[in-house]
Amino acid sequence: LLAAGAVTVRANPLGLPIGSQTWPHRQMIKDGNFAGLAKMLADIGVQEVEMCSPLGYNDFAALADGKQVRRILSDHGLKCVSSHFSMRELREKQAASIAWAKDVGITQMIVASLGGGSNPTMDDVKRAAEEYNAIAAAAAAAGMQQGLHNEGFEVSTVDGQRTYDVLIGLLDPKLVKFQFQMSTISQGFVAHEYFTKYPGRFFSMHIQDIDLNAAPPAGGSAQERGRQVAVGKGSIDWGKTFTAAKTGGVKNYFVEQTMELTKASVAAL
């Protein structure tokens with residue numbers, strides 16, 4: 001009995017549904033085969049998906065009917081509580097974005113990056129945080145939790161500090177939660193260190209593993225190390241990650257990889 005229990009815990013380390021971000025599979029959506037994608041993901045063991053907004057991402061424009069999106073997902077036993085939105089759409093048409101999110105059943109509205117370039121000044125960072133706090137306050141009033149990913153601007157440095165850490169200090173902890181991109185370990189961002197340092201500030205993860213000993217992919221930035229691999233095949237300490245994720249406040253996680261790697265990572269999870 002103890003052995004069986006141990007296997008169960010290991011098989012579902014956070015006790016959460018296994019999710020998949022749909023961005024890597026967007027060609028199927030663009031081609032009008034969202035139902036086919038939903039079936040493919042459900043068949044490999046995915047239980048939740050994370051979307052990208054049709055108002056901010058051209059490749060998702062076919063999914064403008066949020067209620068239909070919800071029905072298609074439900075038909076395949078899937079749920080969607082989280083989606084990415086562009087900063088531009090939240091600046092220009094936040095109410096429409098919120099309405100679409102509610103139709104789908106989404107409660108987490110995330111942006112990939114606040115923008116601001118790769119060499120921001122402290123004033124740039126402060127302005128970005130002030131604007132995003134205001135966007136997040138409007139989202140909260142509508143029953144949504146606003147979130148922020150870590151790409152580009154967020155992994156830059158400002159005045160000798162990581163922009164990401166400065167933003168964590170400037171963004172309202174109630175209004176803005178964080179979604180950690182596991183692959184940023186290639187740039188020195190280690191998930192379990194952040195989850196432990198900033199308890200309760202995170203609500204989500206994008207799952208990838210990175211082999212830090214492999215040569216980086218062609219076209220990668222100079223500071224990046226390694227290449228992306230399936231969960232358990234790389235350098236990330238998943239035991240430490242999932243233990244610390246509970247401290248960080250993580251409520252869901254989404255594999256964000258090619259379909260081949262998604263299959264292997266979902267099986268590993």
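What you are looking at is a predicted structure, and each value in this text was computed from that prediction instead of being measured.
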Step-by-step side-chain contact (heavy atoms from CB on, under 4.5 Å) determination, Gln146 to Leu90:
CA-CA 11 Å; Gln146 202 70 36; Leu90 295 183; 3.4 Å; yes
One pair to check against ring-ring contact (aromatic ring centres under 6.0 Å, His included): Phe85 and Tyr57. What are the steps and the verdict?
CA-CA 8 Å; Phe85 298 79; Tyr57 291 79; 8.3 Å; no
Val166/Met122 under side-chain contact (heavy atoms from CB on, under 4.5 Å): CA gap, chis, key distance, verdict:
CA-CA 9 Å; Val166 176; Met122 187 60 76; 3.8 Å; yes
Could you walk me through whether Asn252 and Glu48 pass side-chain contact (heavy atoms from CB on, under 4.5 Å), step by step?
CA-CA 9 Å; Asn252 40 53; Glu48 289 192 349; 4.2 Å; yes
I would like to know whether Met109 and Gln145 meet side-chain contact (heavy atoms from CB on, under 4.5 Å); could you show each step before the answer?
CA-CA 6 Å; Met109 299 181 68; Gln145 177 67 65; over 6 Å; no
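Cluster membership for Leu171 and Val155, using ILVMFWY side-chain heavy atoms within less than 4.5 angstrom, is shared. Taking hydrophobic clusters as Ile, Leu, Val, Met, Phe, Trp and Tyr residues chained together by side-chain heavy-atom distances below 4.5 Å, Trp238 shares a cluster with Ile18. Under a hydrophobic clustering in which Ile, Leu, Val, Met, Phe, Trp and Tyr are joined whenever their side-chain heavy atoms come within less than 4.5 Å, directly or via other members, Val229 and Met259 fall into different clusters. Val231 and Ile185 end up in the same hydrophobic cluster when Ile, Leu, Val, Met, Phe, Trp and Tyr side chains are linked at under 4.5 Å. Put simply, Leu148 and Phe254 are part of two different groups of oily side chains (I, L, V, M, F, W, Y) that touch within less than 4.5 Å, one to the next.
Taking Ile, Leu, Val, Met, Phe, Trp and Tyr as hydrophobic and joining them when side-chain heavy atoms fall under 4.5 Å apart, one finds Ile110 in a cluster with Phe203.
The distance from the CD atom of Gln47 to the NE2 atom of His76 is 15.5 Å, given to the nearest 0.5 Å. Atom NZ of Lys174 and atom CG of Asn133 lie 13.0 Å apart (nearest 0.5 Å). Expressed to the nearest 0.5 Å, how far CG of Asp43 lies from NZ of Lys263 amounts to 9.5 Å. Once rounded to the nearest 0.5 Å, the distance linking OH of Tyr132 with CG of Asp172 reads 12.5 Å. Atom CD1 of Ile236 sits about 8.0 Å away from atom CD1 of Ile207, to the nearest 0.5 Å. Once rounded to the nearest 0.5 Å, the distance linking CZ of Arg225 with CG of Asn213 reads 7.5 Å.
Classified by interplanar angle (parallel below 30°, tilted 30° to 60°, perpendicular above 60°), the ring pair Phe242/Tyr253 is tilted. Aromatic ring orientation, Phe202 versus Phe195: perpendicular (interplanar angle above 60°, classes split at 30° and 60°).
Residues passing the side-chain hydrogen bond (donor to acceptor under 3.5 Å, both in side chains) test with Asp31 are Gln27, sequence neighbours excluded. Residues that satisfy the side-chain contact (heavy atoms from CB on, under 4.5 Å) test with Thr22, not counting sequence neighbours, are Ile29, Leu37, Val49, Met51, Phe60. Under the rule for a side-chain contact (heavy atoms from CB on, under 4.5 Å), the partners of Glu131 that lie at least two apart in sequence or sit in another chain are Met87, Arg91, Ile135. Remark: Asp124 pairs with Thr121, Arg127 by the side-chain hydrogen bond (donor to acceptor under 3.5 Å, both in side chains) rule, at least two apart or across chains.
Contact detail for Pro120 and Val158: the closest heavy-atom pair is O-CG2, 3.5 Å. Taking every heavy atom of both residues into account, Leu16 and Val250 meet most closely at CD1-O, 4.1 Å. In this structure, Phe153 and Ser113 approach most closely via the heavy-atom pair CB-OG, 3.5 Å. Shortest non-hydrogen contact noted between Gln187 and Arg162 is O-NH2, 4.2 Å. Residue Lys240 comes nearest to His192 through the heavy atom pair O-CB, 3.6 Å, listed as atom of the first residue, atom of the second, then distance. Residues Leu78 and Ala38 approach most closely at CD1-O, 3.5 Å, considering heavy atoms.
By the 4.5 Å heavy-atom criterion applied to side chains, Lys251 and Ser204 are not counted as neighbours. Between Cys80 and Arg70, the closest side-chain pair of non-hydrogen atoms is not below 4.5 Å. In this structure, Ile168 and Arg201 have side chains that are in contact, with non-hydrogen atoms separated by less than 4.5 Å. Here the side chains of Ile210 and Ser235 are not in contact, with every heavy-atom distance at 4.5 Å or above. Taking 4.5 Å as the limit, some side-chain heavy atom of His25 sits within range of a side-chain heavy atom of Ser20.
Of the N and O atoms on the side chains of Glu260 and Thr258, not one donor lies less than 3.5 Å from an acceptor on the other residue. Side chains of Tyr194 and Asn150: a donor-acceptor N/O pair is absent below 3.5 angstrom, by distance only. Of the N and O atoms on the side chains of Thr262 and Gln257, not one donor lies less than 3.5 Å from an acceptor on the other residue. Between the side chains of Glu50 and Gln21, a donor-acceptor pair is found at a separation under 3.5 Å. Side-chain N/O atoms of Glu154 and His149 include no donor and acceptor closer than 3.5 Å. Thr163 and Ser156 form a side-chain donor-acceptor contact under 3.5 Å, judged by distance and modelled atom types alone.
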In a table with atom names and distances, give each donor-acceptor pair under 3.5 Å that connects a side chain of residues 96-103 to protein atoms at least two apart or in another chain.
residue	atom	partner	partner atom	Å
Ser97	OG	Glu89	OE1	2.6
Ser97	OG	Lys93	O	3.3
Trp100	NE1	Leu63	O	2.9
Lys102	NZ	Ala142	O	3.1

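Using a 4.0 Å cut-off between a side-chain N of Lys or Arg and a carboxylate O of Asp or Glu, Lys39 and Asp75 do not qualify as a salt bridge. With salt bridges taken as basic N to acidic carboxylate O contacts below 4.0 Å, one links Lys30 and Asp59. Using a cutoff of 4.0 Å between basic side-chain nitrogens and carboxylate oxygens, Arg88 and Glu92 are scored as salt-bridged.
Between Phe178 and Tyr198, the ring centre distance reaches or exceeds 6.0 Å.
By the 6.0 Å contact criterion, CG on Asn119 is open, its count of non-hydrogen atoms from other residues, nucleotides or ligands being 12 or less.
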